[in-house]
K.L.:
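The structure follows.
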There are 2 protein chains.
Amino acid sequence: MRARKSGNALHEAVREEIARRVQSGEFDPEVPLPSAASLAEEFNVSLITTKRALRDLQSAGILRSVPGLGTFVREQRRFIRNLDLSLTSMDDARRLGFTPSIQLISITREKMKDLSFDVLSIPSEPMLCVRKLVLADDIPIMFDTAFITKPLSDSVVDEFGTKFIYQALADNDSPVTATRLMIDAAPASPEVQQHFAVPNGYPALRRAYEFKTSDPSLKVFGCAESPFDRLACTFDLPPAD
Amino acid sequence: MRARKSGNALHEAVREEIARRVQSGEFDPEVPLPSAASLAEEFNVSLITTKRALRDLQSAGILRSVPGLGTFVREQRRFIRNLDLSLTSMDDARRLGFTPSIQLISITREKMKDLSFDVLSIPSEPMLCVRKLVLADDIPIMFDTAFITKPLSDSVVDEFGTKFIYQALADNDSPVTATRLMIDAAPASPEVQQHFAVPNGYPALRRAYEFKTSDPSLKVFGCAESPFDRLACTFDLPPAD
DNA sequence: GAGTGGTCTAGACCACCCT
DNA sequence: GGGTGGTCTAGACCACTCC
């Protein structure tokens, strides 16, 4: 080592050499990488420099460290979701070749945090709030926080925790009539960090949404977050003009 | 200090206390924060722990450090781009209230890197490659890499470097007839790190695209990347079904 | 008990910017 | 020259997992 490849920093050179080995398929995802101590010895750098490189590779979604076990190559399996929203029910998902499931996290009543989305006109009063984790083939792919503007019966609320929102609304005679979406990237929220076991600052894809329904007093606001390596969105556009 | 608020780590407690002060508007964006050394003294932690907290806040887009000058609050000014692609020319941009400009970075001939986007059918042979930086009100907001499948005259190539691609194609009798988009998040690429002065691992919003034109042999593939705090996309959807 | 990653420390050197 | 952030080092302790 001591090559100082790209920039100038030692930890960058170490990081890139490890990244190169990962990309070349040198490591079995089931088997831990050589320990930080042995890598430090091999590269002839201090332990803490190697740890710095390994930590940055975690932030980049390339590695995954488990205390007491070791550091592993992070397996990539990303789901592509089409924004035309054909995927609105469990059946749609299964038709696309994976088995979805929903894990209800909490149902509360609270105010929606201002996400500085001037794009959506978010009410300031407390609303019903449903948080859930959506999994595909038992792999968590998105964390969803939804706020409902209108009080609903318990049985309907339960449906929000077990179905996609589109489906739950349609099943209760209030189909979605319009959708406003805002897509951005953001560092993983504390909830995402927890549920996906990703470090602070991990890039996440965020979709903030507003559903209007046939009932003018019933709207749904929400935000779906996914670690960048778990979900991407596609969209086809007609010609401009 | 020594509170160990959220998780357990000291650097997290320091990070969150500094973040709290930033959010509360305690610091003038023009004036550097107290130095890492003085913060370490105030919090009664080691210098390196404070530096760790400051570095993580940089990765989160909250702070910005300039060697020799100090650490500053990162000013937030984000542009919202509507995915309906109404923004396809300089005029459109001006109509939306900002002054766009384009800075040509390079024109080369090279193979397109495989971005593991199975979504787009990317040719494997070398293509014309145009890299440019798009600015809004003199603030860089996106880094664009475009690959053109067909050899073009020099004058047309020059237009790609100074106009939005939609406009350049329309002006040369090959209007875009269909667009395929893939949106995801990703850690900032080396080019983005360089042009936007963001650290390794900084979350970025990425739009990979494929333009088809009226000329079947002329397609444009590309990827536009923006640091997460610079750009977001909105979209309105009609009712499903 | 041995190995792992995560954290914290003190101390040092460098490049950079300002006066 | 004196301040700043960035990097690198050696050494230590902890919680965790596995045997």
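Residue numbers start from 1 in every chain, and the chains themselves are labelled A, B, ... in the order their sequence lines are given, proteins ahead of strands.
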K.L.:
Taking the side chain of Ala36(A) as its heavy atoms from C-beta onward, which of dG5(C), dC8(D), dC8(C) lies nearest to it?
P.N.:
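Ranking dG5(C), dC8(D), dC8(C) by closest atom to the Ala36(A) side chain puts dG5(C) first.
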K.L.:
Could you tell me the separation between the CZ atom of Arg64(A) and the C1' atom of dT17(D), rounded to a whole number of Å?
P.N.:
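Going from Arg64(A) (CZ) to dT17(D) (C1'), I get 14 Å.
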K.L.:
Can you say whether a donor on the side chain of Lys51(A) sits under 3.5 Å from an acceptor on the base of dG6(C), or the other way round?
P.N.:
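Such a pair is found, so the answer is yes.
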K.L.:
Distance check needed: dG6(C) P versus Arg15(B) CZ, whole Å only.
P.N.:
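Rounded to the whole Å, the gap is 15 Å.
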K.L.:
Look at the side chain of Leu69(B) and decide which nucleotide, out of dT9(C), dG6(C), dC18(C), has an atom nearest to it.
P.N.:
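Selected nucleotide: dC18(C).
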K.L.:
Do Ile105(A) and Leu133(A) make a side-chain contact, defined as non-hydrogen atoms from C-beta onward lying under 4.5 Å apart?
P.N.:
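With C-beta onward as the side chain, the pair touches.
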K.L.:
If only side-chain N and O atoms count, and only distance matters, is there a donor-acceptor pair under 3.5 Å linking Ser226(A) with Arg207(A)?
P.N.:
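Yes, side-chain donor-acceptor contact under 3.5 Å.
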K.L.:
Figure out the CD/P separation between Glu12(A) and dG6(D), and round it to whole Å.
P.N.:
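Computing the Glu12(A):CD to dG6(D):P distance gives 12 Å.
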K.L.:
Measure the distance from CZ on Phe43(B) to C1' on dT7(C) and round it to the nearest whole Å.
P.N.:
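The distance from CZ of Phe43(B) to C1' of dT7(C) comes to 18 Å, rounded to the nearest Å.
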K.L.:
Can we call the ring centroids of Phe72(A) and Phe27(A) under 6.0 Å apart?
P.N.:
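Centroid separation for Phe72(A) and Phe27(A): 6.0 Å or greater.
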K.L.:
The side chain of Arg52(B) lies closest to which of these nucleotides: dG6(C), dT7(C), dT9(C)?
P.N.:
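For the Arg52(B) side chain, the nearest candidate turns out to be dT7(C).
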K.L.:
Select one nucleotide: of dC8(C), dA10(C), dT4(C), the one nearest the side-chain heavy atoms of Thr49(B).
P.N.:
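For the Thr49(B) side chain, the nearest candidate turns out to be dC8(C).
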K.L.:
Starting the side chain at C-beta, find the nucleotide from dA10(D), dT9(C), dG5(C) nearest to Val45(B).
P.N.:
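Output: dT9(C).
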K.L.:
Starting at NE2 of His11(B) and ending at P of dG6(C), how long is that distance when rounded to a whole Å?
P.N.:
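It is 10 Å, rounded to the nearest whole Å.
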K.L.:
Closest approach to the side chain of Ala9(A), judged atom by atom: which nucleotide of dG5(C), dA10(C), dT7(D) is it?
P.N.:
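Of the candidates, dT7(D) comes closest.
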